[in-house]
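Everything below concerns the one structure shown next.
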Amino acid sequence: MYEHQKIEQKWQEYWQEHQTFAASNNSKKPKSYLLVEFPYPSGAGLHVGHVRSYTALDTLARKRRMEGHNVLFPIGWDAFGAPAEQYAIKNHIHPKDAVKANIKTFKKQIEELGISFDWNREFSTTDPEYYKWTQWQFLKFYEHGMAYKAKKNINWCPTCKTGLSNEDSAGGVCERCGSQVYQKEKEQWLLRMSDYAEDLIQGLDDTNFSDRVKIGQINWIGKSKGAEIDFKIGDENLTVYTTRPDTIYGVTFMVIAPEHPLIEKLSSKITNMDEIKKYQEFAKTKSELERTELSKEKTGVEIKGIKAINPVTQKEIPIWTADYVMMGYGTGAIMAVPAHDSRDYEFANKFNIDIIPVIEGDTLPYTGDGKYINSDILNGMTNKDEAVHKMIDYLEKNKIGRPKVNYRLQDWIFSRQRFWGEPIPLINCPNCGWVEVPEKDLPVRLPDVANYEPTDDGESPLAGIDEWVNTTCPKCGGKAKRETDTMPNWAGSSWYWLRYMDAHNDQEFVSKEALNYWGKVDWYDGGMEHVARHLLYARFWNQFLYNIGLVPNKEPFDKRTLHGMILGPDGEKMSKSKGNVINPHSIVEEFGADALRVYEMFIGDYEKDAAWSTNGLKGCKRFLDRVWKIGEKLNDKQGYQNEVLVNQTIKKVSDDIENIKYNTAVSALMILLNNYEDEESITRDEYRTLLHLLNPFAPHITEELNEKYSLGKPLCESNWPKYDETKIENDNYELVFQVNGKVRGKMEVAKETSKQEMEKLAKENENVKKFIEGKEIVKIITIPGRLVNIVVK
RNA sequence: GCUUGUGUGGCGGAAUUGGUAGACGCGCACGACUCAAAAUCGUGUGGCAUUAGCCGUGUGGGUUCGAUUCCCACCACGAGCACCA
């Protein structure tokens with residue numbers, strides 16, 4: 001029908017030459033900062049999923065520019081981290097070169113889609129000019145006591161040979177390769193993210209994230225309210241954390257985690273230490289090998305020779321150790337109330353421990369509300385919250401406990417034993433300890449070496465490069481060694497949106513002026529898979545920068561939307577092994593970028609997954625062919641023949657783009673075209689408006705047609721169409737007649753028809769008459785502009 | 001198990017937030033053009049009946065003149081977390 005390749009190339013060159021999409025850092029126009037998650041430039045090339053997200057915000061960006069906004073719509077590359085490194089190892093190239101080649105491919109593929117990115121602000125997280133500032137910001141964390149090194153049991157992936165954060169090893173499985181992760185004790189850098197748990201929850205109030213996103217964040221942070229209670233073991237204190245202090249009268253045993261330090265401390269008093277040591281070993285191997293096993297039969301050993309004293313009842317309580325209590329949460333110890341907790345119940349049943357109900361109920365373990373029994377000061381109460389309060393008051397008064405809030409969120413393990421990451425810019429001096437690399441010496445560059453594969457001994461590959469490791473102490477000038485761990489791949493993505501504001505600044509990570517001008521990201525689109533990790537890290541990082549006065553907003557993103565995945569034609573997630581991958585490049589070649597863009601916007605609800613359909617794509621291509629062809633019906637007239645429909649369409653498309661309802665926006669344009677096709681000929685205004693509204697979706701063909709028929713300035717340099725509020729409603733409408741809520745007739749009537757008139761018309765309708773004849777009219781409901789419903793008996 | 005999302009034709013999906021269910025597209029059927037096919041164009045298309053009727057938005061109940069929309073219970077599928085005290 002038309003030669004899409006030529007046209008698309010032509011207009012891409014036009015935009016490039018005219019710098020149509022360059023954002024200005026000082027403009028009187030209203031600003032819009034639109035952001036998509038920057039991609040990993042993997043060897044596989046661009047995915048149709050990228051196309052969906054980029055086209056969606058591109059549509060918005062193009063529309064807003066035409067509405068007179070100064071739009072910042074940038075792109076860059078998140079190129080550090082395991083995927084890039086593994087690709088490089090596999091293909092025997094230096095990661096630096098692999099990344100360079102992949103970026104080139106990605107860039108070409110994005111450019112041929114006609115996405116209106118401001119390429120002037122492009123960078124990669126692997127550019128020394130960029131990671132210099134990532135390192136610089138790490139030093140800010142360090143200077144403020146927010147980064148620390150600690151010997152920690154970390155999640156170790158034996159395949160990737162590196163430590164992982166909790167977020168990266170959810171479920172005991174490596175996020176990257178799927179290997180079983182096990183606990184390994186190692187010195188690691190950590191960021192004190194847990195200090196920000198509450199702020200990260202509170203901050204959500206300052207955002208316009210959807211509830212789905214907010215809930216995702218809140219769940220990950222995992223706040224729980226409860227109390228700490230001190231039990232005595234002789235002179236020692238055993239503090240437990242519980243959310244149900246009101247059930248303390250039902251405690252029949254204590255459980256402490258196998259790694260709990262109290263075991264070591266009291267070992268002289270414990271009479272079955274051999275048995276306990278054996279259990280500790282068992283628990284350790286279990287966590288290594290059988291963690292995901294479904295059989296979660298409770299195991300444990302009673303610690304003999306010591307007893308705890310319930311501080312409220314003064315009763316002696318036996319102490320057990322069991323691996324269903326984790327050292328990493330709360331205090332690593334619990335008071336077990338088998339009558340009202342299913343796990344404690346299971347344990348008590350298995351080991352024949354007493355079960356004392358303290359809240360009335362039929363079945364055990366009973367966890368609902370009820371009347372308190374066997375509970376001394378709480379007896380007779382029926383309200384759980386009141387009982388909890390009363391008990392906490394009692395604990396506080398008697399100095400045996402206190403209210404306590406716990407979070408699941410832990411500190412961020414920030415070390416990786418990999419080559420392809422930002423080196424942590426610290427130097428270890430035998431005299432001075434840890435010393436920062438001075439700002440003038442940043443960035444600490446990665447060396448050019450031949451061997452960057454991970455080692456088996458758990459050290460970073462950098463550790464083997466003597467000439468890199470050995471350095472002098474910036475403080476005392478003596479011999480010292482560099483830190484050889486690198487940062488996780490989440491580091492570079494934790495502040496990249498700030499850099500776009502001022503991408504080539506070599507004096508600061510971003511200037512104050514740029515920060516103040518651009519403020520928050522107005523709209524951030526990305527995938528569900530990043531709601532837990534990336535979004536949390538990025539917000540944490542930004543909140544820290546805010547707290548030390550480096551950025552003007554505590555929350556970095558105002559609005560966050562989630563795109564659904566594009567699945568293969570078979571409805572399965574696209575993957576090489578399934579052979580259901582659709583390559584955007586070949587689609588562009590065969591059908592054109594415009595067709596691909598329109599199709600991906602039309603494919604369905606933006607937030608939901610959708611299966612690829614080549615027939616659906618063809619339908620969109622057909623639509624564009626018809627848009628092209630209808631130019632032949634152009635007459636010399638101005639104005640709109642069907643004013644209502646055109647004005648309605650302008651309104652609908654404008655609103656739908658802002659409300660991420662791209663599918664219905666495209667549908668509205670199809671309806672408009674269908675209407676044009678029913679006309680003898682179409683006016684110049686009609687054609688221009690159709691092309692203009694379609695332009696954000698299909699920017700090439702619409703510019704070409706606009707030029708071909710000399711309809712006006714290029715669309716990208718023209719003002720977005722405005723609708724006439726007085727012309728979006730018809731003078732007539734179809735009045736619906738119902739009897740008992742069922743449609744029995746319809747009639748075209750004038751907009752201003754009165755209620756009385758409507759009722760009269762309803763009763764006169766032949767078909768309605770049939771249904772009300774001989775029946776008693778109970779009442780008549782009349783909705784002006786819509787319907788009349790006659791209720792009969 | 002907990003959290004969360006989703007259930008509408010053969011398929012992807014619409015539905016002004018309580019008011020004509022199935023817009024738009026795909027697919028399919030028939031027709032036109034063609035020697036023929038593809039492409040294109042036209043007509044039709046929820047099911048059952050076929051004259052105007054009945055049934056239909058996962059299932060069962062409820063509220064209402066009226067429910068895809070609100071309430072209760074249940075079922076199915078997907079995602080995330082998973083012994084978090």
Side-chain angles (χ1 to χ4, degrees), chain A residues 1 170-172 211-212 215-216 218-220 222-224 226-227 240-245 247 255 257 291-292 296-299 322-326 328-337 340-344 346-347 406-410 528-529 531-532 562 564-565 571 598-599 602-605 607-620 622-623 625-626 629 652 661 663-674 677 733-746 766-767 770-771 777-783 785-793:
Chain A
M1 205 73 223
D211 286 348
R212 212 170 136 208
I215 289 165
I218 289 168
N219 285 351
W220 196 272
K223 180 177 182 173
S224 80
V240 301
Y241 174 71
T242 176
T243 55
R244 296 297 302 273
T247 60
V255 184
R291 210 167 144 189
T292 50
K296 284 204 169 136
E297 179 96 354
K298 294 271 179 298
T299 60
D323 65 359
Y324 82 91
V325 171
M326 274 10 88
Y329 184 79
T331 60
I334 63 160
M335 59 177 219
V337 185
H340 304 290
D341 179 282
S342 55
R343 294 150 309 192
D344 298 345
E346 221 181 288
F347 194 85
N406 255 321
Y407 302 91
R408 254 151 88 176
L409 187 72
Q410 309 212 346
M528 189 63 201
E529 69 276 19
V531 165
L562 301 170
M565 268 190 296
V598 170
Y599 172 59
F602 186 62
I603 195 168
D605 185 342
E607 303 217 307
K608 287 189 199 138
D609 294 351
W612 178 269
S613 154
T614 301
N615 278 329
L617 169 72
K618 283 179 186 164
C620 291
R622 203 171 297 151
F623 167 63
D625 286 342
R626 283 160 55 206
K629 201 177 164 196
K652 177 143 185 72
K661 297 177 82 173
N663 53 336
T664 50
V666 173
S667 146
L669 291 166
M670 288 172 170
I671 292 170
L672 187 64
L673 177 67
N674 289 347
E677 285 177 338
Y733 69 95
E734 196 173 51
L735 176 62
V736 169
F737 302 131
Q738 293 183 338
V739 178
N740 288 346
K742 294 200 170 175
V743 180
R744 298 302 179 187
K746 295 173 191 179
E766 284 304 316
N767 201 41
K770 261 172 40 189
F771 284 91
I777 295 179
V778 183
K779 64 172 156 177
I780 301 179
I781 289 116
T782 308
I783 314 289
R786 213 150 256 158
L787 56 80
V788 178
N789 185 14
I790 303 177
V791 186
V792 296
K793 235 186 345 201

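All chains are named by letter (A, B, ...) in the order of the sequence lines, taking the proteins before the strands, and each is independently numbered beginning at 1. Since the model is a prediction, treat every value here as computed from it, not as a measurement.
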For the side chain of [X] and the backbone of [Y], is there at least one donor-acceptor N/O pair under 3.5 Å apart?
X       : Y       : value
Q410(A) : G328(A) : yes
D341(A) : A336(A) : no
N789(A) : G741(A) : yes

Within this structure, what is the [atom1]-to-[atom2] distance between [X] and [N], rounded to whole angstrom?
X       : N      : atom1 : atom2 : result
D625(A) : U40(B) : CG    : P     : 8 Å
M326(A) : A85(B) : CE    : C1'   : 9 Å
N615(A) : C28(B) : CG    : P     : 7 Å
K793(A) : C65(B) : NZ    : P     : 12 Å
I790(A) : G66(B) : CD1   : P     : 15 Å
Q410(A) : C81(B) : CD    : C1'   : 14 Å
D341(A) : C2(B)  : CG    : C1'   : 13 Å
R408(A) : C81(B) : CZ    : P     : 10 Å

Nearest-angstrom distance, [atom1] atom, [N] to [M]:
N      : M      : atom1 : value
G13(B) : G18(B) : P     : 24 Å
G9(B)  : U59(B) : P     : 10 Å
U8(B)  : G56(B) : C1'   : 10 Å
C81(B) : G27(B) : C1'   : 40 Å
C75(B) : A29(B) : C1'   : 36 Å
A73(B) : U3(B)  : P     : 13 Å
C55(B) : C74(B) : P     : 29 Å
C77(B) : G66(B) : P     : 35 Å

Counting any heavy atom closer than 4.0 Å, what does [X] reach on the DNA or RNA strands: base, sugar-phosphate only, or nothing?
X       : result
M670(A) : sugar-phosphate
V778(A) : nothing
G619(A) : sugar-phosphate
N406(A) : nothing

Taking every non-hydrogen atom, the tightest pair across [X] and [Y]:
X       : Y       : result
T782(A) : V788(A) : CG2-CG2, 4.0 Å
N767(A) : R744(A) : ND2-O, 2.7 Å
F347(A) : K298(A) : CD1-CB, 3.8 Å
R786(A) : Y733(A) : N-CE1, 3.6 Å

Review point. Is the distance from OP1 or OP2 of A23(B) to the nearest side-chain N or O of N674(A) less than 4.0 Å?
Key: no
Practice item. Establish, with yes or no, whether the OP1 or OP2 oxygen of A85(B) is under 4.0 angstrom from a side-chain nitrogen or oxygen of Y241(A). Key: no
Practice item. For each nucleotide in nucleotides 4-22 of chain B, reading 5' to 3', give B when a protein heavy atom comes within less than 4.0 Å of its base, S when such contact involves only the sugar-phosphate, and - otherwise. Key: S--S----BSSSB--BB--
Practice item. Would you please say whether a donor-acceptor pair under 3.5 Å links the side chains of R408(A) and N219(A)? Key: no
Sub-3.5 Å pairs of nitrogen or oxygen atoms, protein against nucleotides 54-57 of chain B:
unit_1	atom_1	unit_2	atom_2	d
C54(B)	OP1	R744(A)	NH2	3.4
C54(B)	OP2	R744(A)	NH1	3.2
C55(B)	OP2	K742(A)	NZ	3.1

Review point. Partners of K608(A) by salt bridge (charged side-chain N to carboxylate O under 4.0 Å, His left out), sequence neighbours excluded?
Key: D605(A)
**Study point:** salt bridge (charged side-chain N to carboxylate O under 4.0 Å, His left out) involving E734(A) - partner list, sequence neighbours excluded
**Key:** none
Revision key, fill the gap. Of Y407(A) and R622(A), the one whose nearest nucleotide on RNA chain B sits closer to the 5' end is R622(A)
Check your understanding: RNA chain B: V666(A) or G332(A), which has the more 5' nearest nucleotide?
Key -> V666(A)
Review point. Going by the angle between their ring planes, with limits at 30° and 60°, are W612(A) and Y599(A) parallel, tilted or perpendicular?
Key: perpendicular
Practice item. Calculate, to the nearest 0.5 Å, the distance between atoms CD1 and CG belonging to I218(A) and L409(A) respectively. Key: 13.0 Å
**Study point:** Euclidean distance, M335(A) CE relative to T242(A) OG1, rounded to 0.5 Å
**Key:** 4.0 Å
Check your understanding: Under a 3.5 Å cut-off on both pairing distances, which runs of 3 or more consecutive Watson-Crick or G-U pairs involve RNA chain B?
Key -> B:1-7 with B:75-81, B:10-12 with B:24-26, B:27-32 with B:40-45, B:46-48 with B:53-55, B:58-62 with B:70-74
Point to revise | Side-chain donor/acceptor of K618(A) to base of C26(B), under 3.5 Å | key: no
Study note, to complete from the structure: Regarding G27(B), purine or pyrimidine glycosidic angle vs 90° from 0 gives anti
Practice item. Using the test side chain to side chain contact (heavy atoms under 4.5 Å, CB included), find all partners of N663(A) that sit at least two apart in sequence or belong to another chain. Key: K661(A)
